[in-house]
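Comments concern the structure below.
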Amino acid sequence: MRVPFLRAAAGVLLLAVPVVLAGCDRTQDPLTPTTPVAVEVSEPDFTGTLTINGGATRNFTVSNIGIITITIADLQPNRSDASLSIGVGLGIWNGTSCQLFGAPSLFNDNAGVGSGIAGYANGAGEFCVRVYDVGQLTEPVAFTVGIKHY
């Protein structure tokens, strides 16, 4: 009496295996994770005029974890040897000011055209860029700063 029941149960199990396997895609390795592709976000250029002993700030929003790069794209008028340096900092925007010297923050007091800083956003939030005179300006300079996050 047990034999017919076992044969019937075995038959149901054998039929279930092909049905379950039919839903599997054998071309993908289920143990290999997919890596999300980073999307580059370029903020509009930060432009303005930096005065002697002055500074300027711009805030922006980052919506994902990732890298933030700040690059000095242009300083005018620049010296003929292109050695003019200003300060540039990346910080946290608190709603009224840019907090550069609290953690996490980055700054470069010797940034010229083509240089800058890079940091990492460990979460979404409000960040800021600050450019400032480090004592080298003898006249106001126009600046252009590029801001990207990935």
Side-chain angles (χ1 to χ4, degrees), residues 9 12-150:
V12 170
L13 286 176
L14 288 177
L15 288 175
V17 171
V19 171
V20 170
L21 291 178
C24 295
D25 181 2
R26 294 184 184 150
T27 60
Q28 289 184 334
D29 181 359
L31 299 178
T32 304
T34 56
T35 304
V37 177
V39 176
E40 178 182 302
V41 176
S42 295
E43 297 289 330
D45 285 342
F46 174 28
T47 60
T49 300
L50 188 57
T51 59
I52 297 171
N53 297 321
T57 301
R58 165 122 179 269
N59 63 307
F60 59 97
T61 302
V62 172
S63 57
N64 294 310
I65 294 170
I67 296 170
I68 302 171
T69 61
I70 310 298
T71 306
I72 306 296
D74 193 27
L75 294 172
Q76 291 297 326
N78 205 342
R79 298 182 182 142
S80 59
D81 63 358
S83 65
L84 180 62
S85 293
I86 62 171
V88 61
L90 171 63
I92 302 297
W93 180 253
N94 69 9
T96 56
S97 64
C98 191
Q99 296 179 335
L100 290 181
F101 300 107
S105 67
L106 298 167
F107 57 93
N108 179 352
D109 285 342
N110 193 26
V113 174
S115 68
I117 53 176
Y120 186 78
N122 58 5
E126 292 290 317
F127 291 83
C128 51
V129 176
R130 178 143 178 93
V131 294
Y132 49 93
D133 178 20
V134 291
Q136 287 195 11
L137 296 184
T138 57
E139 63 182 316
V141 295
F143 64 86
T144 302
V145 175
I147 304 167
K148 293 183 182 181
H149 40 98
Y150 308 86

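The residues of the chain are indexed from 1 along the displayed sequence. Side chains are part of it too, since the values below use all heavy atoms of this structure and drop only hydrogens, waters and symmetry mates.
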* Scan residues 133-148 for pairs that pass salt bridge (Lys or Arg N to Asp or Glu O under 4.0 Å), counting only residues two or more places apart or in two chains. =>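 Listed by first then second residue: E40-K148.
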Closest approach of [X] to [Y] (non-hydrogen atoms, all atoms of both residues):
{"X": "N108", "Y": "Y132", "answer": "O-OH, 4.0 Å"}
{"X": "A73", "Y": "V113", "answer": "O-CG1, 3.5 Å"}
{"X": "F143", "Y": "T49", "answer": "CE2-N, 3.6 Å"}
{"X": "L84", "Y": "P77", "answer": "CD2-O, 4.0 Å"}
{"X": "C98", "Y": "T57", "answer": "CB-CG2, 3.6 Å"}

If I take atom [atom1] from residue [X] and atom [atom2] from residue [Y], how far apart are they, to the nearest 0.5 angstrom?
{"X": "T47", "Y": "R58", "atom1": "OG1", "atom2": "CZ", "value": "8.5 Å"}
{"X": "I86", "Y": "I72", "atom1": "CD1", "atom2": "CD1", "value": "4.0 Å"}
{"X": "I147", "Y": "I68", "atom1": "CD1", "atom2": "CD1", "value": "9.5 Å"}

* Asked: Can a donor-acceptor pair be found between the side chains of N94 and T96 at a distance below 3.5 Å?
  ->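 Their side chains do contain a donor-acceptor pair, which is all the 3.5 Å distance test asks for.
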* Contact check, side chains of L90 and C128, non-hydrogen atoms, under 4.5 Å -> no
* To do: Could you check F127 against H149 for side chain to side chain contact (heavy atoms under 4.5 Å, CB included), going step by step and ending with a plain yes or no?
  => CA-CA 11 Å; F127 291 83; H149 40 98; over 6 Å; no
* Donor-acceptor contact below 3.5 Å, side chain E126 vs main chain W93 -> no
* To do: Would you mind telling me which of L106, V134, V131 makes a side chain to side chain contact (heavy atoms under 4.5 Å, CB included) with V88?
  =>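 Of L106, V134, V131, side chain to side chain contact (heavy atoms under 4.5 Å, CB included) with V88 is met by V131 alone.
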* Could you list the residues that satisfy side chain to side chain contact (heavy atoms under 4.5 Å, CB included) with N64, not counting sequence neighbours? =>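 For N64 there are no side chain to side chain contact (heavy atoms under 4.5 Å, CB included) partners, ignoring immediate neighbours.
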